[in-house]
Amino acid sequence: MENATINRREFLRGLGIAGAGVLAATSPWLSAFSEVKETAKERCRLGIIGPGSRGQFLMNFIATNPKAEIVAIADIYEPSINAALKIAPDAKVYRDYRQLLADKNVEAVVVATPLNTHYGIVMDAFDAGKHVYCEKTIGYTMEQCYNMYMRHLETGLLFFSGQQRLFDPRYIKAMDMVHKGTFGKVSAVEAYWNRNGDWRREVPSPDLERFINWRLYRESSRGLMSELGCHQLQVGTWALGKLPDRVMGHGGITFWKDGREVHDNVHCIYGYDTGETITYGSVISNKFYGLEEKIMGNLGTVEPENGKYFFEEIAPAPAFLQMLNKWENDLFEELPFAGTSWAPETANVNKGEFLLGERPKADGTSLLTEAFVEAVITGKQPERIAEEGYYASLLCLWGFEAIESGAILPFPEQYKIDYAPYGTKRQDIVS
Amino acid sequence: MSFLTRTMPDGTRALYEWFGAMHTRVDILLRSSAYDYDYLRDTVGIMRQEICEIEKTGNRFDPTSEVSRLNALPAGVKHTLSPRLYDILTLCLRYNKQTEGLFDITVQSKGHSPQTIGGIHIDSDGTYSRDSENIVIDLSGFLKGYALDRVRPVLEERGITDALVNMGNSSIMAMGDVPGPVRNACLTTSGNDSPDRCHIVNPLTGEMIRGKRQVQVVTNSGAEGEAEATRRFISCCL
């Protein structure tokens, strides 16, 4: 998705959720915006560590935020520095991230470096007293993730990870409906992210291959599980409101046999003692089914990425949906549904309904970065955001280990934290 | 049952719930600032139960329904009616008179004539009998409106003042502050939605009424709306 932004007013209106209380109950991390008026004249000073492609993507949002100033960047790759300076021309440039961390003018850092470097940088950042936004997956191992999360607790410094779906209106709306029981009892979440491409970046010189294409090599990456799976597994636990009990997986290099070391084809099954399942798959030699998380209840299915939901039996009546969505505006002067009798055999094909009444404009990245800026200004860690990010990382790394070992792995109890994934008991309703 | 919710900026809750019944769809929209969603959903649950019981009583295509038992009853044999079917049949007989025979629940009978309906008898003791086994009672054009009248007390008893109930688009009840041209009334449609569809029989001639045309009536009672819409539709075609 391009750098499309939505402002908070559009965001709230699109959700159809009124009032801070209702919003907090739906997605508690949105409390990041609770003091947005009071912080109107304040500004935070950010440093970007690793302004490569993802780092620049984030910078584009931050640079348009009047409450944020990118005061420093750190990278060892000159083309990335030059590109980043076009976004933030006044930023001070460091070749060593430790120098940036020593810069007293920097309040908080955004870490968008290769996966295997996150741990050292984030731990150093906490030691330097900086708030941290770290791209997902947060750590290269589950132990690293655990240590990072614990360090966040010990220091009291902010810890965000790049789980933009937490701020994506489609996902927030979908989860509100799931947790209200709209789709009945959710038994399975089928998540997949398929592409048809080699997942490579252009390399100006062969000696930069592992540096530029770090995602393809085991020393620096967990492959598709860490780079793509992290987003979607969190959607599964968000919907089901609990952690799985075991995982099994399989992967291989089946098509892109070009010297890469990570799989181009991965699949994992996460199982619950109570029977529910989250499946995750990613194939990068076929894009037909693209990207989705299908949340499957006995009454309906929601596809948040597609922004649509489907009921198992009769679809909602368009006129009633319109009424529900626009009632507050008193736009109704007629009953467009009144007429001769409706009969099942004349019903249309179930094409589903849009979660937000229209096609989505943007994912949650702009709001996620905005939330981080707000949190840096207020110094308040929004509820549950670090925990959701932590478990998202843990789930993908746990799945990676299952693929590597070929074993059915129980949940790693030693990495459990004092937190249950967000969800309510309403989902247990079967109407 | 499938449902959707919407909380308005002032805290008012809107619940939209829908399901299949009476070979059509039922859409129910409730609005309330006093009750939570669980209460509103429970209310719809009671309404649905009432609608389903009416269907179970009066659906002639269900061989286990009470009206099917009447349609299988030997001539001259008495059947003690349930209070619900007693109520339905006495209303239908009254509307037959009021519409001068144009609303006729025996129109599907073999060899039907305007006098056929006179062959059914409902006694003061609540029993039913018929003169001929050719008599068939068909409540298809009546039950939806009747159901509207039966779910209204449910809403009133549970303190719901704003509601919209749609029985298959052709029988609609609006209560209180809801969108649309009718308020605290029922809107009933009778007719054919396409040139090819015909399903209403003129009881005076026994012929299907053809052509794309329809009439709408606004009444206090849904049951009355069914009879009156039928009367006007057939009258238009005479």
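Every chain is numbered from 1 and lettered A, B, ... according to where its sequence line falls, protein lines coming before strand lines. Quantities reported herein were computed from a predicted structural model and do not represent experimental measurements.
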*To the nearest 0.5 angstrom, please state how far the OG atom of B:S2 sits from the OH atom of A:Y309.*
10.0 Å
*Does the pair A:I314 and B:W18 meet the rule for a side-chain contact (heavy atoms from CB on, under 4.5 Å), with working shown?*
CA-CA 8 Å; A:I314 304 167; B:W18 67 98; 4.1 Å; yes
*In this structure, are over 12 heavy atoms from other groups packed under 6.0 Å from B:N220 atom CG?*
no
*Could you tell me which residues satisfy salt bridge (Lys or Arg N to Asp or Glu O under 4.0 Å) with B:E100, sequence neighbours excluded, listed by chain and number?*
none
*Hey, does A:M323 have a side-chain heavy atom less than 4.5 Å from the side chain of B:L164?*
yes
_Are A:M177 and B:T5 packed together at the side-chain level, in the sense that at least one heavy-atom pair is separated by less than 4.5 angstrom?_
no
*For A:A315, does its backbone N or O pair with a side-chain atom of B:R25 as donor and acceptor, under 3.5 Å?*
yes
_Heavy-atom count check: over 12 atoms from other residues, nucleotides or ligands less than 6.0 Å from B:Q98 CD?_
yes
*Mind checking the CZ-NZ spacing from B:F3 to A:K180? Nearest 0.5 Å is all I need.*
8.0 Å
*Calculate, to the nearest 0.5 Å, the distance between atoms CD and OG1 belonging to B:E17 and A:T182 respectively.*
10.0 Å
*Can you say whether the rings of B:Y16 and A:F320 are parallel (under 30°), tilted (30 to 60°) or perpendicular (over 60°)?*
parallel
